[in-house]
Q: 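After the structure tokens below, expect a handful of questions from me.
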Amino acid sequence: MLDIKYLRQNVDIVKKKLRQRGQAIDFDRFLKLDQERRDILISVEALRNERNDASKEIGRLKKEKKDASELIAQMGAVSDKIKKLDEDLKSVEENLNNFMLLVPNIQHESVPAGSGENDNVVVRLGGAKPVFNFEPKEHWEIGERLNILDFTRGAKIAGARFTLYKGLAAAMERALINFMLELHVREHGYTEVLTPFMVNRESMTGTGQLPKFAEDLFKIEGMEYYLIPTAEVPVTNIYRDEILEEEQLPIYLVAYSPCFRSEAGSYGKDTRGLIRQHQFNKVEMVKFAKPEDSYDELERLTANAEEVLNRLEIHYRTVCLCAGDLGFSSAKTYDVEAWMPGQNVYREISSCSNFEDFQARRASIRFRREGSGKVEFVHTLNGSGLAVGRTVVAILENYQQADGSVVIPAALRPYMGGLEKISP
RNA sequence: GGAGAGAUGGCUGAGUGGUCGAAAGCGAUCGCCUGCUAAGCGAUUGUACGCCCCUAAAAGGUGUACCGCGGGUUCAAAUCCCGCUCUCUCCGCCA
């Protein structure tokens with residue numbers, strides 16, 4: 001959510017910024033509602049003031065056993081007016097709030113212009129592409145031939161976009177989760193958390209999934225619970241409605257969670273393989289930072305994600321998303337894309353974003369400055385570290401051998417009992 | 001699933017219709033005292049929104065709201081009534 005005072009005074013700047021994101025939002029309605037709200041507030045508060053004074057006077061009169069009936073009758077009328085105005089106010093505020101919840105964040109000045117993913121800017125390359133003396137296969141073929149990925153039975157058990165892992169694929173998924181968590185905890189200074197995988201409406205609203213993206217979520221029938229699409233949701237909401245002390249910041253948290261996404265609107269896209277699933281595992285890093293530090297923190301967060309691929313010796317590129325490709329809540333995002341030789345493309349394996357105070361304002365996550373005692377919104381950040389299923393894909397495709405076997409990256413072997421290779 | 005108890009400021013905890021944004025204590029901040037520390041003394045100590053002031057922000061002034069959440073009664077609600085959520089205790093069941 002944007003700062004309503006800032007928006008009120010800088011409508012044209014906000015409009016222009018959002019146009020660069022491909023968003024045309026009509027702020028006339030906002031300005032009208034905002035003015036209406038303040039008008040009603042002025043009237044209703046004046047009446048309340050009058051009533052408060054009169055009530056004190058009535059109390060005094062009654063104590064002195066004097067007649068207060070005239071004043072009481074007058075205040076009866078005033079209370080009726082207040083009630084009416086309160087109803088108007090409530091309705092205007094509801095409209096205003098609903099409007100504000102649908103306005104995307106404003107991008108940082110360093111975000112490149114552009115309308116779609118072709119305009120994203122490559123900022124870094126890591127590792128080297130593997131060289132094959134044969135035609136590299138796609139991971140679904142490798143996985144099925146090794147009998148470690150079973151797409152058919154996954155579909156039987158649940159449906160399309162669900163996969164059954166067997167044997168060493170299941171072990172590799174588990175090993176990767178441990179490898180990533182331990183890297184971030186032991187070397188990057190994060191604290192591990194394990195959260196609920198279902199959350200309430202307030203949490204989904206706090207991070208920006210609701211109200212606009214309800215169709216992307218799985219909701220529990222008959223209950224106000226949603227399956228999380230990313231651990232960002234429960235982890236960021238840990239400090240919802242709290243005021244932190246300045247000395248607590250920055251806070252670095254890392255969480256493993258399964259992620260559930262309806263993938264509405266992506267019918268026919270990535271239908272084969274592990275790339276786009278209704279359920280996948282992810283290790284997620286979340287930071288709470290002071291505003292002046294958040295862009296440095298974003299660089300470090302992105303480097304932490306890249307480090308996973310450095311250790312696994314998988315080639316990747318890091319792109320800075322252009323204005324038109326940014327997510328709803330983000331002010332700036334780097335995507336880390338792993339090289340997938342079987343598909344001959346780079347695929348997003350991590351997305352690292354600074355939300356500035358957009359989520360903090362929605363979720364009311366604040367901190368108190370040590371000297372002045374002033375309360376400010378924190379900045380929230382998060383990034384995948386990494387998407388686990390896609391990391392399995394990257395390993396299968398990058399480490400495949402001519403004989404159909406797959407070598408296990410050296411960094412992962414300690415987590416798989418020293419195993420060096422998965423053979424047919 | 002059954003029975004009961006509770007939710008008040010950073011914390012503990014008082015308050016059952018008006019003078020209560022809320023006693024007291026603790027903690028914290030500032031000052032005094034002190035050779036240092038401790039003790040002692042004094043002051044301050046929530047958040048949000050609006051208006052005034054101001055070039056603007058901050059500060060300041062002023063008003064309103066907030067005692068789990070939502071509604072009701074009343075001139076007036078932390079206090080009375082209704083609904084909900086959450087926490088705790090006991091019984092039963094369960095990974």
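To find a chain, count down the sequence lines: A is the first, B the second, and so on, and within it residues start at 1.
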Q: Once you round it to whole Å, what is the distance between C1' of B/G46 and CG of A/D241?
A: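 After rounding, the gap between these two atoms is 15 Å.
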Q: Does A/K83 make a side-chain N or O approach to OP1 or OP2 of B/U74 shorter than 4.0 Å?
A: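 Looking at the OP1 and OP2 atoms of B/U74, neither is under 4.0 Å from any side-chain N or O of A/K83.
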Q: Just to confirm, is there a sub-4.0 Å distance from OP1 or OP2 of B/A76 to any side-chain nitrogen or oxygen of A/S79?
A: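 Looking at the OP1 and OP2 atoms of B/A76, one of them is under 4.0 Å from a side-chain N or O of A/S79.
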Q: Verify the neighbour count for atom CZ of A/F218: are there more than 12 heavy atoms of other residues, nucleotides or ligands below 6.0 Å?
A: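 Yes, because the 6.0 Å sphere around CZ of A/F218 holds more than 12 heavy atoms from other groups.
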Q: Measure the distance from CD on A/E245 to P on B/U45 and round it to the nearest whole Å.
A: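 That distance rounds to 18 Å.
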Q: Please give, in whole Å, the distance from B/U85 P to A/R201 CZ?
A: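 Spelled out: CZ on A/R201 to P on B/U85 is 16 Å.
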Q: Does the distance from a Lys or Arg side-chain N to an Asp or Glu carboxylate O, for A/R161 and A/E263, drop under 4.0 Å?
A: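 Salt bridge absent between A/R161 and A/E263.
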Q: Starting at CG of A/L89 and ending at P of B/G50, how long is that distance when rounded to a whole Å?
A: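 Nearest whole value for this atom pair: 11 Å.
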Q: If only side-chain N and O atoms of A/K62 are considered, is one of them under 4.0 Å from the OP1 or OP2 phosphate oxygen of B/U19?
A: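 No, outside the criterion.
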Q: Counting just side-chain N and O atoms, does A/N49 come under 4.0 Å of either OP1 or OP2 of B/U64?
A: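 True: A/N49 side-chain N/O within range (under 4.0 Å) of B/U64 OP1/OP2.
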Q: Please work out if A/V44 contacts a base, only the sugar-phosphate, or nothing of the nucleic acid, heavy-atom cut-off 4.0 Å.
A: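 Counting heavy atoms under 4.0 Å across all strands, no contact is made by A/V44.
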Q: Please state how far atom CZ in A/R366 lies from atom C1' in B/G46, giving the value in whole angstrom units.
A: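 The answer, rounded to whole Å, is 10 Å.
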Q: In this structure, is the centre-to-centre distance between the rings of A/F358 and A/F328 below 6.0 Å?
A: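 Yes - the distance between ring centres of A/F328 and A/F358 falls below the 6.0 Å cut-off.
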